[in-house]
2 protein chains.
Amino acid sequence: MAAKHSGSAGDVWLRRPARAAREAPPLSRDRIVREAVALLDEEGAGRLTMRRLAERLGTGSTTLYWHVKTKDDVLDLALDAIFAAVEIPRPGAQDWRAGVTALISGWRAVLLEHPWSAALLGRPMLGPNVLARSEFLYATLVGAGVTEPHLTAAAYGLSNYVIGSALMQATWTAQEEDAPRQAAREFLRDNRDRYPVLATHGPLTGDSDWDTSFALGLAWLLDGIGSDEQRTERAP
Amino acid sequence: MAAKHSGSAGDVWLRRPARAAREAPPLSRDRIVREAVALLDEEGAGRLTMRRLAERLGTGSTTLYWHVKTKDDVLDLALDAIFAAVEIPRPGAQDWRAGVTALISGWRAVLLEHPWSAALLGRPMLGPNVLARSEFLYATLVGAGVTEPHLTAAAYGLSNYVIGSALMQATWTAQEEDAPRQAAREFLRDNRDRYPVLATHGPLTGDSDWDTSFALGLAWLLDGIGSDEQRTERAP
DNA sequence: ACCTGAACACCGTTCAAGT
DNA sequence: ACCTGAACACCGTTCAAGT
């Protein structure tokens, strides 16, 4: 009646190593976050569960709580982790407009590559990767001569615009499923008397090009920021 | 050993009415949605549960499924419901810029009044209230002479901007809790060597005025949309 | 210092059954 | 047509216990 792991003489060789080269590397916060990102990429936010995450890591779900305080922590860490992929332009290597455009585009690319991320943006983003990129944004704007209240408006405006755009695009291009988009199109066509303009000019009528839409709006914002900056520079 | 609701002679007067003036109005999809909005307003999205919602309505949770297909349905319906409060300007009563500004401002006001809503924007919004307001937006822009690809860019840009702004503001002004904001401020101060610009010019340094920030960014977008419109009008 | 298992207090949803 | 109760297959998280 030996219990599961009780030792009896000479059975060392029969027992499999406590862990070792079974699931390979030991558990760590870093490994948890990497696996969480992989899980989110493959299956979406709805399927991220402490139990399922633990299973992929070869442990019980309760073990995760030694490395991480809550599931929300995992989400915060995963969200910050993906921003490591956004390259920070070398400061001053180009004019402010090119630098900001590069950063914002990289930001957007990351959000679209990990569609689950857009829905998580409603939480404070204070991870080191996000902060480093915000620092560059502010530094570039300040360097361009943008001052309050335009500075805050510019930084927020640009961030809000990428976030909103990514959220909208991720919503409507969810994993190849053209079904909801198709259904919406049909609904508008069937109700063209109630929504005449939407039915004929709406975003679902042509195959709207997300990239050029985004670029146009970004240019408008940059124009505005630039004109205020010039005005400020010229003032005594 | 009479079971709970079995009748025995003369006990009609003793039994409370099956429903009647107990919880007042009968259950209906409309009542469910209204109660859901109230629950969300009072306690936030994290506490909306089919069981808790049913309790507030005086029924069992499983009863809700007769009127509604899933919990997601409840969320979709609640989200659309709050947009009924956004007044649609009378078409042509003012110039396009004033009309658009009024609509977008009303949109923003609703999102901020119901802070839980911002986090739910990552789902297709095809309810009648939202559609009616989108129709006005498109109609106004088309009436102003905005044409593709600027039309889609303008409509999306404005929507994305409000959504992003409301999401950001709702994130950072969550129910009077100044604690996280204060903690973030301290963190940046303590790490001013790593984030020099953020620490001195960042959004958390002064008490940023959300309203003027929003207004500035909106003006930049409208300027951009307007300039493109003029250019188009003038072209042969 | 790290990992495990059992357990608690919940979830959304289905379905046979009642009126 | 509408409502109920029991039940299923999950959740996040805690905690005493192991090594």
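Quick note on labels: first sequence line is chain A, next is B, and so on, each numbered from 1. These values consider heavy atoms only, across backbone and side chains, with no hydrogens, waters or symmetry-generated copies.
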- Pairs under 3.5 Å (Watson-Crick or G-U), crossing ones as [ ], inter-strand ones as |: DNA chain D comes out as ||.|||||...|||||.||

- Pairwise side-chain hydrogen bond (donor to acceptor under 3.5 Å, both in side chains) hits with a residue in residues 60-69 of chain A, at least two apart: none

- May I have the distance from A:Glu55 (atom CD) to D:dC11 (atom C1'), rounded to whole angstrom? 14 Å

- Message: I'd like the P distance from D:dA9 over to C:dA9, given in whole Å.
- Response: 22 Å

- Give B:Thr49 one of three labels, base, sugar-phosphate or nothing, depending on what nucleic acid heavy atoms sit under 4.0 Å from its own. sugar-phosphate

- Query: A:Arg29 CZ to C:dC3 P: how many Å, rounded?
  - Reply: 14 Å

- Message: Regarding A:Glu43 and A:Arg52, does a basic nitrogen lie under 4.0 Å from an acidic carboxylate oxygen?
- Response: yes

- Message: Whether B:Arg133 engages the ring of B:Phe83 as a cation-pi pair (distance to the six-membered ring centre under 6.0 angstrom, angle to the ring normal within 45°) should be assessed.
- Response: no

- Under a 4.0 Å heavy-atom cut-off, which of residues 68-78 of chain A touch DNA chain D? A:Thr70, A:Lys71

- Nucleotide of D:dC3, D:dT13, C:dC3 approaching A:Leu27 most closely (side-chain heavy atoms): C:dC3

- Query: Base, sugar-phosphate, or nothing for A:Arg47, non-hydrogen atoms under 4.0 angstrom?
  - Reply: nothing

- Query: Between A:Tyr138 and B:Tyr195, does the ring centroid distance fall short of 6.0 Å?
  - Reply: no

- Message: Between P on C:dC11 and CE on A:Met50, what's the gap in Å once rounded to a whole number?
- Response: 19 Å

- Item | Given D:dG12, C:dC3, D:dC3, the nucleotide with the shortest approach to the side chain of A:His67 | C:dC3

- Euclidean distance, atom CD1 of residue A:Ile32 to atom P of C:dC3 [Å, nearest integer]: 9 Å

- Task: Walk me through it: do A:Arg185 and A:Asp190 pass the test salt bridge (Lys or Arg N to Asp or Glu O under 4.0 Å)?
- Result: CA-CA 9 Å; A:Arg185 232 189 306 266; A:Asp190 294 349; over 6 Å; no

- Message: Taking the side chain as everything from C-beta on, heavy atoms only, tell me whether A:Val37 gets closer than 4.5 Å to A:Trp116.
- Response: yes

- Message: Please determine whether a side-chain nitrogen of the Lys or Arg among A:Arg56 and A:Glu42 lies less than 4.0 Å from a carboxylate oxygen of the Asp or Glu.
- Response: yes

- Task: Look at the side-chain N and O atoms of B:Trp66 and state whether any lies under 4.0 Å from the OP1 or OP2 oxygen of D:dC3.
- Result: no

- Task: Round to a whole Å and report the spacing from CG of A:Leu57 to P of C:dC2.
- Result: 16 Å

- Query: Around A:Glu55, counting heavy atoms of other residues, nucleotides and ligands shown, do more than 12 lie under 6.0 Å from its CD?
  - Reply: no

- Note on the structure: Only one of B:Arg29, B:Arg123, B:Lys71 passes salt bridge (Lys or Arg N to Asp or Glu O under 4.0 Å) with B:Asp76, and that residue is B:Arg123

- Specify the residue among A:Arg51 and A:Thr63 whose closest nucleotide of DNA chain C lies further upstream toward the 5′ end. A:Thr63

